[in-house]
Number of protein chains: 2
Amino acid sequence: MKEELQRFEQFLHTKGLRMTPQRRIIAETLFATHHHIDAETLCDMVRGRNRSVSRATVYRTLSLLVESKLLDGRDYGHGYKQYEHVIGHEHHDHLICSVCGKVLEFTNESVERLQQEILDEHGYAPETYSLVIHGVCPDCRTDAPAGGAASSSAH
Amino acid sequence: MKEELQRFEQFLHTKGLRMTPQRRIIAETLFATHHHIDAETLCDMVRGRNRSVSRATVYRTLSLLVESKLLDGRDYGHGYKQYEHVIGHEHHDHLICSVCGKVLEFTNESVERLQQEILDEHGYAPETYSLVIHGVCPDCRTDAPAGGAASSSAH
DNA sequence: GTCACTGCAAAAGATTTGCACACTT
DNA sequence: AAGTGTGCAAATCTTTTGCAGTGAC
């Protein structure tokens, strides 16, 4: 997270912007959280540390972090964006339950390769690519109660 | 589209709801459109045919259609949902340009297989699954100006 | 002094909801 | 009559923006 902060500071510097206390608190809070987090929750956490940080600044800083490519924000279908930082996290993909909305991260080498192939095939640069699969998780399934591979890591 | 309308009517019937003129117009318009479409655009199209259909009804009907699984709505990062109908469309995936936001549909057999594997592996039912890849499209790339596979269907 | 940064409150944009009236059965 | 459906306008929710004051260089 030290690295992320430094990169952020560098990014700001490059753009002639400053690392302010507010921006630092927001970035620190974000980089210390290893889950998906939404702006509102982040806001609460940040304001728990320093009451004088406004919602507007949180949103503004989130934009900067996304722009700096240190953060990735996406709406997984809940009606608001969820953010996660990129560095220090192995690239992973998302499996989202259509019923309960739960977001499961997973890694799969074949997918990595395939994504690259597809991007190449269409002439796309792989910048910030990601993969999202929607399905119904074992807990929410009412049909065949999962084949057997499910029981192991099924939360 | 006849089939879709019938299924929708059946769905409504099952839930003790009615197929009203408004719902029919909305569904017809939707099923006749083979692109992604957002609520606002749909609204305009529908109101072009029948001025007395309100925005509220469009949204309410969209919810019903999604609930009936005839329609799929997702936010591809533009801040509003885009809808597409499911039946009669070969399953395809989405490649979204991080810069211009353009949504490109593509089909890839390996992906189909892999998605299934991943779903199985985690015990997820494949209901309404889909795959979304983010990258920078040939038109927006400023680095290597695309290998060559891009020029054909670009734009 | 100049220019970036902030909080506040208002605004914006997409979607939902309360309500009274209309239509179906 | 009972219950669903609708339009309208107001409300909601997330995110953005205008503005006036604050602070760094």
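Since this is a predicted model, take the numbers as computed values, not measurements. Note on naming: letters A, B, ... go to the chains in the order of the sequence lines (proteins, then strands), and numbering restarts at 1 for each one. Both backbone and side-chain heavy atoms feed into the values below; hydrogens, waters and symmetry mates do not.
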field: Qualifying residues under side chain to side chain donor-acceptor pair (under 3.5 Å), relative to B:Glu117, sequence neighbours excluded
entry: none
Between the protein and nucleotides 3-5 of chain D, list every N/O to N/O distance that falls short of 3.5 Å.
residue : atom : partner : partner atom : Å
D:dT4   : O4'  : B:Arg18 : NH2          : 3.3
D:dG5   : OP1  : B:Arg18 : N            : 2.9
D:dG5   : OP1  : B:Arg23 : NH1          : 2.4
D:dG5   : OP1  : B:Arg23 : NH2          : 3.3

Would you mind writing out the side-chain donor-acceptor pairs for residues 42-50 of chain A within the sub-3.5 Å range, not counting sequence neighbours?
residue : atom : partner : partner atom : Å
A:Arg47 : NH1  : A:Val53 : O            : 2.6
A:Arg49 : NH1  : A:Thr29 : OG1          : 3.2
A:Arg49 : NH2  : A:Glu28 : OE1          : 3.0
A:Asn50 : OD1  : A:Ser52 : N            : 2.9
A:Asn50 : OD1  : A:Ser52 : OG           : 2.8

task: Can you tell me the distance, in whole Å, between the CG atom of A:Leu62 and the P atom of D:dT14?
output: 14 Å
- request: Kindly write out the residues that satisfy side-chain contact (heavy atoms from CB on, under 4.5 Å) with A:Asp75, not counting sequence neighbours, or none if the list is empty.
  value: B:Asp75
field: Separation of atom CD1 in A:Ile25 from atom C1' in C:dC5, rounded to whole Å
entry: 14 Å
query: Rounded to whole angstrom units, what separation is found between the NE2 atom of B:His78 and the C1' atom of D:dT15?
result: 17 Å
- request: Any chance you could list the contact pattern along nucleotides 9-18 of chain C? Use B for base contacts, S for sugar-phosphate-only contacts and - for none, protein heavy atoms under 4.0 Å, 5' to 3'.
  value: -----SBBBB
- prompt: Starting at NZ of A:Lys15 and ending at C1' of C:dC5, how long is that distance when rounded to a whole Å?
  reply: 15 Å
field: Rounded interatomic separation in angstrom, taking CG from B:Asp75 and P from D:dT15
entry: 10 Å
- prompt: In chain order, what residues pass the side-chain contact (heavy atoms from CB on, under 4.5 Å) check against A:His13, with sequence neighbours excluded?
  reply: none
- prompt: Taking B:Arg7 for the side chain and B:Lys69 for the main chain, is one N or O donor matched with an acceptor at less than 3.5 Å?
  reply: no
- prompt: Does anything in residues 17-26 of chain A pair up under salt bridge (Lys or Arg N to Asp or Glu O under 4.0 Å), and if so which pairs, sequence neighbours excluded?
  reply: A:Glu9-A:Arg24
Ring pair (Phe, Tyr, Trp, His ring centres under 6.0 Å) partners of residues 97-118 of chain A, not counting sequence neighbours, each pair once: A:Phe106-B:His122
Residues 56-63 of chain B side chain polar contacts: donor-acceptor under 3.5 Å, at least two apart:
residue : atom : partner : partner atom : Å
B:Thr57 : OG1  : B:Ser54 : OG           : 3.2
B:Thr61 : OG1  : B:Thr57 : O            : 2.8
B:Ser63 : OG   : B:Tyr59 : O            : 3.4

